[in-house]
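All remarks here apply to the structure that follows.
Note that the numbering runs from 1 along the sequence shown for the chain. FYI, side chains are in, hydrogens and waters are out, and symmetry mates aren't considered; it's all heavy atoms of this structure.
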Amino acid sequence: AYQDGRYKVSDMQFGSTGYTAGGVYTCIEDFAKIAQALDRGSFLKPATQQFLLTPVPLTDGGKTIFGMGFINDTFRNHSLSGHSGGPALA
């Protein structure tokens, strides 16, 4: 939230400045740098990135596209992963 001329850490899921469940605010330039570093594999340790991207099996043994923080799917025979920025099923 923005108070008294500065940003403050908010414990509210829906802060007064908009939706940011993780409490992260950034500019598009920095967001692009993070996305590029994720693509290069230089933002996280390889094992951490693999953990976040690996789909977690359902309790009944079924398959899902959800990893630990990211979804994984294919589109026109290309692998893709991402995060909606919102609730898990958004």
Side-chain angles (χ1 to χ4, degrees):
Y2 193 76
Q3 297 173 351
D4 301 322
R6 30 182 271 191
Y7 283 105
K8 295 188 176 189
V9 175
S10 174
D11 61 350
M12 297 297 295
Q13 186 173 14
F14 300 99
S16 63
T17 58
Y19 181 80
T20 172
V24 177
Y25 294 88
T26 189
C27 63
I28 193 66
E29 291 88 359
D30 287 345
F31 185 75
K33 289 176 187 175
I34 292 169
Q36 291 169 344
L38 282 167
D39 283 345
R40 285 191 308 269
S42 62
F43 187 71
L44 301 170
K45 293 179 182 178
T48 302
Q49 187 159 334
Q50 187 63 40
F51 173 74
L52 293 174
L53 297 175
T54 300
V56 178
L58 300 174
T59 56
D60 67 1
K63 298 194 183 263
T64 180
I65 62 170
F66 292 95
M68 298 301 289
F70 291 87
I71 61 164
N72 297 284
D73 210 349
T74 56
F75 180 73
R76 297 184 180 175
N77 295 319
H78 294 278
S79 296
L80 60 94
S81 61
H83 186 289
S84 71
L89 299 175

Enumerate donor-acceptor pairs with a distance under 3.5 Å from any side-chain N or O in residues 60-80 to protein atoms, sequence neighbours excluded.
{"residue": "D60", "atom": "OD1", "partner": "G62", "partner atom": "N", "Å": "2.8"}
{"residue": "T64", "atom": "OG1", "partner": "F66", "partner atom": "N", "Å": "3.3"}
{"residue": "N72", "atom": "ND2", "partner": "L53", "partner atom": "O", "Å": "2.2"}

How long is the straight-line distance from CG of L38 back to CG of L52, given to the nearest 0.5 Å? 9.0 Å
Under the side chain to side chain donor-acceptor pair (under 3.5 Å) rule, what pairs show up with a residue in residues 44-53, not counting sequence neighbours? Q50-T54
Hits for side-chain contact (heavy atoms from CB on, under 4.5 Å) against D30, two or more places apart or cross-chain, chain-then-number order -> T26, C27, K33
Are I34 and L44 connected in the hydrophobic side-chain network, where two residues link if heavy atoms are under 4.5 Å apart? yes
